[in-house]
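Notes follow once the structure below has been shown.
Worth knowing before you read on, the calculation uses all heavy atoms, side chains too, and leaves out hydrogens, waters and symmetry mates. Quantities reported herein were computed from a predicted structural model and do not represent experimental measurements.
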Amino acid sequence: MDSSLILVCIASYFLILILVSHFTSKDQDNKTFFIANKKSPWYIVAFGMIGASLSGVTFISVPGWVAESNFSYMQMVIGYFFGYMFISEVLMPLYYRLNLISIYTYLGDRFGVFSYKTGSFYFIISRVIGASFRLFLVAEVFHAFVFRSFGIPFYITVLITILLIWVYTFRGGLKTIIWTDTLQTFFMLLALFLSIILISQDLNYDFKQLIYNIRESDFSQIFFFGDINDSRHFLKQFFAGFFICIAMTGLDQDMMQKNLSCKNIVEAKKNMYSFSVVLIVVNLLFLSLGALLYIYANANGISATGDQLFPAIALSSPVSGIIGVFFILGLIAAAYSSADSALTSLTTTFSIDFMNIDNVKKEKQIIYRKLIHVGFSVLIFFLVVIFELIEDNSIISALFKAAGYTYGPLLGLYFFGLFTNLKVRDKIVPLICLMTPVICFFLNRNSESWFNYKFGFEILILNGFLTFIGLMLISYKKKYI
C-alpha cells in the first residue's frame with residue numbers, strides 16, 4: 001500500500017479529531033478536563049469505552065493470537081463480564097457516594113495518606129509503561145509503512161504521534177476524550193467489519209460459508225478443561241478475566257474517570273451493563289477475524305503469523321487497498337483511544353493526588369494542569385524512544401508485563417478495604433505493596449521448576465491475595481466505620 005495514501009488517511013483522521021476537540025473544549029475548566037462536568041450521556045460513554053478497552057495491542061494481537069490459543073480468549077471475556085457486574089454493583093456506587101474525581105482518594109479515607117499515595121503511584125507507573133508500550137507498537141507500524149520511506153527517523157515519528165494526541169486533548173481533557181473515543185470506536189469497528197467482509201469476498205464465502213469455515217477451522221475451540229497447567233484452562237482464564245477486569249477497569253483511574261463523568265449512578269450502571277454485553281460480541285468478532293486471516297494466509301501462501309499477520313495481509317497482500325486504508329484507521333483508532341485517555345487520566349491523578357491542585361489558587365490551576373499534561377507527554381516520548389533503542393522485544397514485553405504486576409497491590413488494597421473493617425499501619429503499606437509484586441515476579445519465573453506449575457494471567461490473583469495477607473498482618477483492632 002502506498003505510504004503517501006496512508007499519510008493522507010492519518011492526516012484526515014486527526015483533522016477530524018482536532019475539529020471535535022475544538023467544539024468540545026469551549027468554556028473549559030479543570031472540572032471539564034477531569035470529569036466532563038458530569039454531563040456525559042451514558043450511551044456515548046459506553047460506546048466509546050469499547051475502543052478504550054481494545055487498544056492497538058488488542059487490534060493487532062488478538063487476531064494473531066488465534067493460531068496459538070484458538071478462541072480460548074473468550075473464556076477470559078466471560079470472566080470480564082462478571083467483573084463488570086462487580087464493578088457496577090460494588091465499586092461504582094462507592095465512587096459516586098464519595099463523589100470522587102480520583103478514585104484513589106478512597107484509599108486515603110480508608111487507610112491513610114501513605115496508602116493513598118501508594119495506590120495512585122502504582123496506577124501512574126502502570127499507565128505510563130502501558131501507554132508507552134502501546135504507542136511504541138503503533139509507532140513501529142507507522143514508521144515501517146509510512147515515515148521511513150520519507151527518510152524520517154523513528155524519534156520524529158514518535159514525536160509526531162504524541163504531538164497529535166496532545167493537540168486534541170490538552171484543552172478539553174475528558175470531555176473531548178468522551179467524544180473522540182466514540183469516533184475512534186466507530187472507525188475501529190468499521191475496520192473490523194470491513195476486513196471480515198472483504199476477505200470473505202476474496203475467498204468467495206457467503207455468510208453461511210463464512211460461519212461454517214470459521215467454526216470448522218482448527219482455531220475455533222473456546223473451552224479448555226484438560227491440563228490445569230495449560231494456560232488456556234477454563235478456570236485459569238475465567239478467574240483471571242474476572243480479577244483483571246476489576247483491577248484494570250474498576251481500580252483504574254483511566255477507565256473509571258469516564259464512568260464518573262455520567263450524570264448519576266443509574267446512568268453509569270446503564271453504561272457498564274450495555275458496554276459489557278457489546279464487548280463480548282466485539283471480542284468474538286476479533287477472534288473470528290483472526291481465524292479468517294489464517295485461512296486466507298494458508299490459501300495464499302502468506303507466512304506471517306502472530307502480530308505480523310493482520311498488518312501483512314492488510315498492507316502487503318493482494319487484498320490490500322481498501323482493507324489497508326481501514327486497517328490504518330482502525331489501528332490508529334484502537335491505539336489512540338487508549339493512549340489519549342491514559343494521558344488525560346495520568347494528568348488527573350497527578351494533579352489531584354500529588355499536586356493537590358484544588359488547594360492551588362484558581363488562576364494557577366489550569367496552568368499547573370497543562371504543565372503536568374506536557375510533562376507526561378514528554379515522559380512517554382522518551383520511554384517509547386528507549387524501547388526502540390533496547391531492540392529486544394522480549395525485554396520490552398517483560399516491561400509491559402511487569403507493569404501489570406502493579407495492579408495486584410491495588411486489588412489487595414481495595415478488597416481489604418471493602419471486605420474488612422480493620423485499620424492498617426499506614427506507613428508500612430508501601431513496603432507491603434512493594435514486596436508482593438517482587439515475590440510474584442520470582443514465583444512466576446521459577447514456578448515450573450519449583451512446583452511443576454506454570455502461571456498464566458492468574459498471577460494477578462496471587463499478587464492481590466498476598467497483598468491482602470500482608471495488610472492483614474499489619475492490621476490492628478481499631479475498626480473502620
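Residues satisfying the salt bridge (Lys or Arg N to Asp or Glu O under 4.0 Å) test with E458, not counting sequence neighbours, are K236.
Counted within 6.0 Å of OH on Y273, heavy atoms from surrounding residues, nucleotides or ligands total more than 12; the atom is thus considered enclosed. Enclosure of atom OH in Y96 by more than 12 non-hydrogen atoms of other residues, nucleotides or ligands within 6.0 angstrom is indicated. Other residues, nucleotides and ligands place more than 12 heavy atoms under 6.0 Å from the OH atom of Y84. Annotation: F382, atom CZ; neighbour count of heavy atoms from other residues, nucleotides and ligands within 6.0 Å does not exceed 12.
Between F136 and F387, the angle of the ring planes goes over 60°, which puts this pair in the perpendicular group of the 30/60° scheme. Using the six-membered ring where Trp is involved, F234 and F225 have ring planes that are tilted, between 30° and 60° apart. Taking the six-membered ring for Trp and thresholds of 30 and 60 degrees, F111 and F416 have ring planes inclined between 30 and 60 degrees apart. In this structure, F419 and F86 have tilted ring planes: the angle between them lies in the 30° to 60° band.
Between A139 and T157, the closest heavy-atom pair is O-CG2, 3.8 Å. Shortest non-hydrogen contact noted between G250 and Y95 is O-OH, 2.7 Å. Pairing each heavy atom of Q221 with each of N70, the nearest pair is O-CB, 3.4 Å. For I50 against V278, the heavy-atom pair with the smallest separation is CD1-CG1, 3.3 Å. Smallest separation of non-hydrogen atoms from D252 and M248: CB-O, 3.3 Å.
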Going by atom type alone, with no hydrogens or angles, which donor-acceptor pairs under 3.5 Å involve a side-chain atom of residues 429-445 and a protein atom two or more places apart or on another chain?
from	atom 1	to	atom 2	distance (Å)
T436	OG1	I432	O	3.3
T436	OG1	T467	OG1	3.0
N444	ND2	Y405	OH	2.9

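S447 places a side-chain N or O within 3.5 Å of a backbone atom of Y453 that can act as its donor or acceptor partner. A donor-acceptor contact shorter than 3.5 Å is absent between the side chain of R127 and the backbone of L346. Here the side chain of K270 pairs no donor or acceptor atom with the backbone of I265 at under 3.5 angstrom. In this structure a side-chain-to-backbone donor-acceptor pair under 3.5 Å is present from T185 to F47. Side chain of S261 to backbone of K258: a donor-acceptor contact under 3.5 angstrom is found. The backbone N or O of R232 sits less than 3.5 Å from a side-chain atom of Q75, completing a donor-acceptor pair. With hydrogens and angles ignored, the 3.5 Å screen pairs no side-chain donor or acceptor of N463 with any backbone N or O of I459. Judged by distance alone, with hydrogens and angles left aside, the side-chain atoms of S69 form no donor-acceptor pair with the main-chain N or O of V66 at under 3.5 Å. Formation of a donor-acceptor pair under 3.5 Å by the D109 side chain with backbone atoms of T105 is not found in this model. When atom types are taken as modelled, the side chain of D426 and the backbone of S115 share a donor-acceptor pair closer than 3.5 angstrom.
Shown are F121, Y116, F123, F354; of these, the ring-ring contact (aromatic ring centres under 6.0 Å, His included) with Y104 is made only by F123.
Annotation: side chain of I244 is not in contact with side chain of Y407 (no heavy-atom distance under 4.5 Å). Side-chain contact check for T420 versus F468: some heavy-atom pair is nearer than 4.5 Å. Under the 4.5 Å side-chain criterion, counting only non-hydrogen atoms from C-beta, M256 is in contact with M92. With contacts defined as side-chain heavy-atom distances shorter than 4.5 Å, the pair V158/F154 qualifies.
When only modelled atom types and interatomic distance are considered, Q257 and T348 share a side-chain donor-acceptor pair under 3.5 Å.
I428 contributes atom CD1, which lies 10.5 Å from atom CG of L471 (distance to the nearest 0.5 angstrom).
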